Each structure stands twice: as structure tokens, then as C-alpha cells.
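For reference, the structure discussed in these notes is given below.
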Amino acid sequence: MAAIFALAAAFAVSGQGAKTPPPPRPGSSVPAVPPYRPMPVDTTEKSIAVDGSVSISLCVTQGRLKVNGWNRSEVRVYVERGSKIAFNIRDKAVQSGQPNWIAIISTDPRPRGECLVAEQIEIDVPIRAKVSVKGTEVRVSIDSVREAEVSTVGGEISIRNIAGRVSALNRQGGITVESSMGAMSLESTSGNIVVFDVGPGEIGDHFRAKTHGGTISLQTLQHRQVEVGTITGTVVYNGPLRSGGSYNINTNKGAIRLALPANTSALIQATYSSGNFVSELPLKLEMENISEGPIKSIVGRIGTGGDAFVKLTTNNGSISIKKQ
Amino acid sequence: MNDNCLDIGTIQAFMDGELPHEAVLRVSGHIALCDACAISLAMAEDESAVVFPALAREFDTLVPTKRLWNKINDSIEIERESRPFWQKIYAAVVAALASPSFAAAASLLIVFGIFATFWMNKTTVPMADIASGSRSQPTTAVVDPQQPRAADSVANTDEPDAPPVSEYHVERASFKVEPRRIAPAVATNASYTSAGYLPGEQSYVKTISTLAKSVDEQKESGVMGASERISYERDMAVVDDSIKKMKQEVRRNPRNDAAKQVLYASYQNKIDLLNSVSQKEEFLVSLR
């Protein structure tokens, strides 16, 4: 009974303290509190007629960004609980007279300049548009446009259904690319890179993926020039090897795992240090250098007739080739 | 004719001019006073007039008389006695070489002498005996195959600025190096530049050095957060460890191409890692 009374008394005292802050002691100077800037609560929607091959650039400081392609020569921007926006027309097409290069900017008087801050930003753009996004902490999703170019400090980047070219740089977050075509350059400092069902848009389009501390997972890659590297991560490749393709996969401290179809034909060059090399597919050794020292090297051929070249290098990890 | 008359031989010698000066005077005086001798001289001259044209060809061969031969031999003997010693030896050698068998034997002896001289010069001479205190030029220094441990110790050094100069043995410049006698460590050192780097390695090292300076400043300025800093330091440690191991392996066996590839890839990873920091600050500035 006494305990219940004490608890009720303590609750009553704490509630009074919250309502009436202690007055400042006389003579003490109170530091100036900076004016509070709450998250904008405005919701804005704007649109502009553009050329079908418009190039759109924007900067997002914080929030979620979603870009979708549609079959209209028009750009529509919907900002939920965020900055007021404007279109900055930087160039117009000669033939159509419509803007072919616009920037979506914030009109708020903010220290971030023209960068947008919002809880949700949705942009509809022509499917032949090129989208360039820069940002800090932002989750970017781009779908069904011609080209996508994203560079952020953190957050996540998700790109799909790109017809032309993909360039993504996320310093502290992951990158996901799916069902896209064209040359691709994906780079992350500490995030993972996941890619599936991608291929070249033109002959000679290359695929490059690089991360320092993350894992790279590739599935059904149709590019013939592939360069993949990580420092302390693992590389996983799952899918067929294109005839005439050149695959260069390396990691400093991590494993390399390949899952290839049974009918794969390729020349494999595997270099590894403290790990081992295992292949479920029949590998006809052409050269094996397991001499004294930390580096071991194997050159062998899988299948017959194929002329794909796969170069696998790991300094501290294992290399395995499995049957799909 | 009297007892003092000249015989036909003397008259013939007179006609041929073969008599000494005193005899010529005596014969001439006698012929002038003796008709018989004069007649004999005339008859001899007539015979000569008939015989000489018929035997002109024979006489043109200039067959010396016995006395002329004697004079020639006497002159040769006198000249021979007056010649210097070396000319006598030369004459003896020339005379000896006139014999084919002797000439062949002498030729063999000369060839053998030349070969022996060449073989003796081939012998290894310690460098200290050639020029004590002066190091030979590395390009001419060849490690003695009988000193493999010394060569290995030079090749295993970790000092990139210390070119592997053999200070133990050199061989004469005239020596034709046989490939099988060259120690592997010396032959492979040719793959290093004069500064002790592999081809292309120096540019990596310079780039890394330049980037590292700016990145060190940026790290202290707080560009990276705590977790990012930890990731960066971890990745950098992994890359540095890889570079260190591969450098040791390449120094140990410069023909290990796989180790070279890993080394270059590690250098490139380090550059990418440093770039990620330096470019981040630039990127943040561009957003403002």
C-alpha cells in the first residue's frame, strides 16, 4: 500500500515538472536558440510539357524519390510534405521547341540550395528521358526510362527497366539493378550490389560493378565485357557465360562463387592465395602453378568450343564453380 | 814462238776479259812483242767470230764461269759474316720453313699457344684482386654460379632502392656468358626498374602517395562518419596487407605473373579507396 502511494506521488511530481520548466536563474544568460525549421508540410504538384528525349536533373537532400516513365511528352512532379518546386528550363529542342533539358529545383530558402527535401517525391517522365539524380540520404527508385544516372552519399538505389545506360554511385548504401539494358557502371563504398537480368544495349556495352565492403551478386548477366571487383566482399555470379565474353572478377578478401549451366564452355583462369579452388563442372587443366609461395594459379577449360574467358582473382578466399 | 808464249787458255781468258788487271797488262805486253802469240790471238778471235754468233743463244744465258762462281760465293760468305744476329736467326727460320713438314708442325704449335692463352684468361679472378675497394658496375657483374647463396641473399632484400649488385665475383669482360651459368635471381632482376619498382608500379605508388596526403587531411576534418571511418580503415588494412604480401612474393620470384596481377589489382583498389574519400567531399560541396 505504501509502495503504491509513493509511485503515485512520484508520477504527480514528474507531471508537474514537465508542464512548468524551471525558470532561469537571475543573472544567467540563455543561449540563443536557432529558429526551428520543421519539415515542410506542403504538398505540391506541377507538370510541364517537354520533348520526348528530355534530360531531367534534380538534387534531393532527404526523402524518397520515385521516378517512373510514361508514354507522354510531359513531366509531372508530385511532392508530398516537402519543398516547393519549380522547373528550370535549360535548353529547348530545335525541332519541337519543347524543353529538352530541365532541372527540378526547390524554391525554398534553404541552406541546401536547389536540393529538394521531402517525405515523398514522385516524378513521371517520358520513357525516352534521361534522369540524373544527386542526393545525400535518399532512397531512389527509377523505372522505365532511357538512361539513369544516380549519385548519392547514402540511402538505397533501385533501378529497373532502363533501356540505355545505367550509372549508379552510392557511397554508403546498396544498389539494385534489374531488367535493364546498356552499359552499366555501379559503384558503392560499403553497400551491396545486386544485379539481375541485364544485358547490353549495343555491341561493346560493358558492365562494371565495384564495391569496397559489400557483396556483389549477379544473376543472368548478358554483357560480354564484365569487370567486377570488391575489397572485402564476396562475388556471386549465377547465369550463363556469353561466348566471346571477357569476365574479370576479383576480390581482395572474399570468396568468388560461380553457378554456371552444365553446357558452359569457357577458359577459366583462377588465381587465389590462402583459399582453394573447387569446380563441379569438368575442368580440363591447361596449366597449374601451385608452387611454393602464397599465390596459386590455375588455367583450365570448361566444355568445348566456347571462347569466353573468365579471370577470377582472390587474395584471401576461395573460388568455387558450381553447376546450375 | 818461245817458252814465254801464252797458252790458248790464257789467250781465251784474255779475250773473255777474265784475267786480273796485272795479267791483262802482262799478256798485252807479250802479245805486242810476240808475233806467234799475236797470231794465236788473231786466230782465236776469228774462231770466236764464227762460233759466237752460232752459240749466241747459249752465251746469252750468262753461264758464269767457275771463277765467277767462286767470287760470288766469296762475296756471300763475307756478307754473311758481317750480318747481325737476328738476321741470321730469321734466315735460319725461313730456311727451316721451306720444309713443308716443319712448317705444319710450327703452325700446330702456334694454334695451340693461342688456345692456351685464351683458356688461361678465362679463369675467374676475385674482384678484390682486380680493384680492391672499387665496386664493379652492375651491368658487368655476374654472380658466380658457385656462390648461389650470396646471389639469393641479394635477391631477397626488401630494399627497393638497393639494386642487386654482386660484390663477390666478377668475370672478365672478354668472357662470353653462357646462359646456363647465369643465376636465376640475377637474370630476373632485369624486370625491375632502376628505382627498384616493377614496370608501372612507380606510377601507382606516386598516385597513392599524392592521394593519401589529401585523404589524411580530409579524414581529420570529419568528412567520414564513425562507421564509415571504420569501414575505410578496415578496407585499407586489407589492401595494405595484400600489397605487402604480394610485394614480398614478387621480390622472391619476379617471374610470378599471378602475384604481379594481384599486386597491381591491390594498388588499384587502394587508389579507388582513397578516391572514394576525396571524391565524397567534392560531391558534398557540389550539393551546396
Side-chain angles (χ1 to χ4, degrees), chain A residues 59-61 110-116 134-136 138 151-154 169-172 187-191 210-214 227 229-233 248-254 269-274 287 289-299 311-317, chain B residues 156 184 215 218 223-288:
Chain A
C59 170
V60 181
T61 304
R110 290 184 172 276
R112 289 294 185 187
E114 296 180 345
C115 291
L116 308 179
K134 290 198 297 185
T136 50
V138 56
S151 179
T152 63
V153 175
L169 169 58
N170 191 355
R171 288 170 176 79
Q172 287 180 305
E187 186 172 349
S188 173
T189 300
S190 58
K210 173 92 178 177
T211 178
H212 296 159
E227 186 178 352
T230 174
I231 294 176
T232 56
N248 186 359
I249 300 173
N250 75 81
T251 172
N252 265 65
K253 187 179 182 181
Q269 177 184 337
T271 303
Y272 56 100
S273 178
S274 59
M287 191 274 286
N289 179 19
I290 305 180
S291 59
E292 185 181 355
I295 289 293
K296 303 169 183 65
S297 179
I298 287 176
V299 178
K311 185 177 177 184
L312 311 171
T313 306
T314 175
N315 189 27
N316 191 356
Chain B
N156 284 337
V215 167
Q218 291 176 11
V223 173
M224 291 189 290
S227 62
E228 191 182 359
R229 178 76 179 268
I230 291 171
S231 298
Y232 169 82
E233 298 294 350
R234 178 200 61 196
D235 294 342
M236 186 60 74
V238 169
V239 171
D240 285 339
D241 181 62
S242 176
I243 289 173
K244 183 182 175 184
K245 285 181 178 176
M246 291 307 108
K247 282 178 79 171
Q248 289 177 350
E249 174 60 17
V250 172
R251 300 257 181 254
R252 192 182 70 83
N253 181 11
R255 289 177 181 170
N256 192 337
D257 291 333
K260 286 182 191 174
Q261 289 176 7
V262 177
L263 177 62
Y264 290 146
S266 300
Y267 276 129
Q268 188 59 51
N269 282 336
K270 187 166 184 175
I271 290 173
D272 292 343
L273 202 54
L274 292 167
N275 271 330
S276 68
V277 178
S278 60
Q279 289 174 357
K280 181 185 177 184
E281 188 175 23
E282 295 172 6
F283 179 74
L284 289 173
V285 170
S286 73
L287 292 179
R288 292 167 186 159

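In this text the structure is predicted, and so the values were computed from the model without any measurement.
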**Message:** For the interface with chain A, which of B:D241, B:D272, B:D235, B:V262 has the highest count of heavy-atom pairs at distances below 4.5 Å?
**Reply:** B:D235
**Message:** So, taking the atom named NE2 in A:H212 and the one named CZ in B:R234, what distance separates them when rounded to the nearest 0.5 Å?
**Reply:** 11.0 Å
**Message:** Between A:T314 and chain B, with a heavy-atom cut-off of 4.5 Å, which part of the residue counts as in contact: side chain, backbone, both or neither?
**Reply:** neither
**Request:** Examine whether an atom of A:T251 lies under 4.5 Å from a heavy atom of chain B, and if so say whether it belongs to the side chain, the backbone or both; otherwise answer neither.
**Result:** neither
**Asked** So, do A:S273 and B:K245 sit near enough that their side-chain heavy atoms are less than 4.5 Å apart?
**Response** no
**Message:** So for A:Q269, is it side chain, backbone, both, or neither that comes closer than 4.5 Å to the heavy atoms of chain B?
**Reply:** side chain
**Request:** Please examine the side chains of A:N250 and B:N269, heavy atoms only from C-beta on, and report whether any two atoms are closer than 4.5 Å.
**Result:** yes
**Asked** Can you list the residues that meet the salt bridge (Lys or Arg N to Asp or Glu O under 4.0 Å) rule with A:K134, with sequence neighbours excluded?
**Response** none
**Prompt:** Which pairs with one or both residues in residues 230-263 of chain B pass ring-ring contact (aromatic ring centres under 6.0 Å, His included), sequence neighbours excluded?
**Reply:** none
**Prompt:** Do you know which of A:I231, A:T313, A:T230 has the most heavy-atom pairs under 4.5 Å to chain B?
**Reply:** A:I231
**Item:** Part of B:Q261 lying under 4.5 Å from any heavy atom of chain A
**Value:** side chain
**Asked** Can you tell me how far the NZ atom of A:K253 sits from the OG atom of B:S242, to the nearest 0.5 Å?
**Response** 11.0 Å
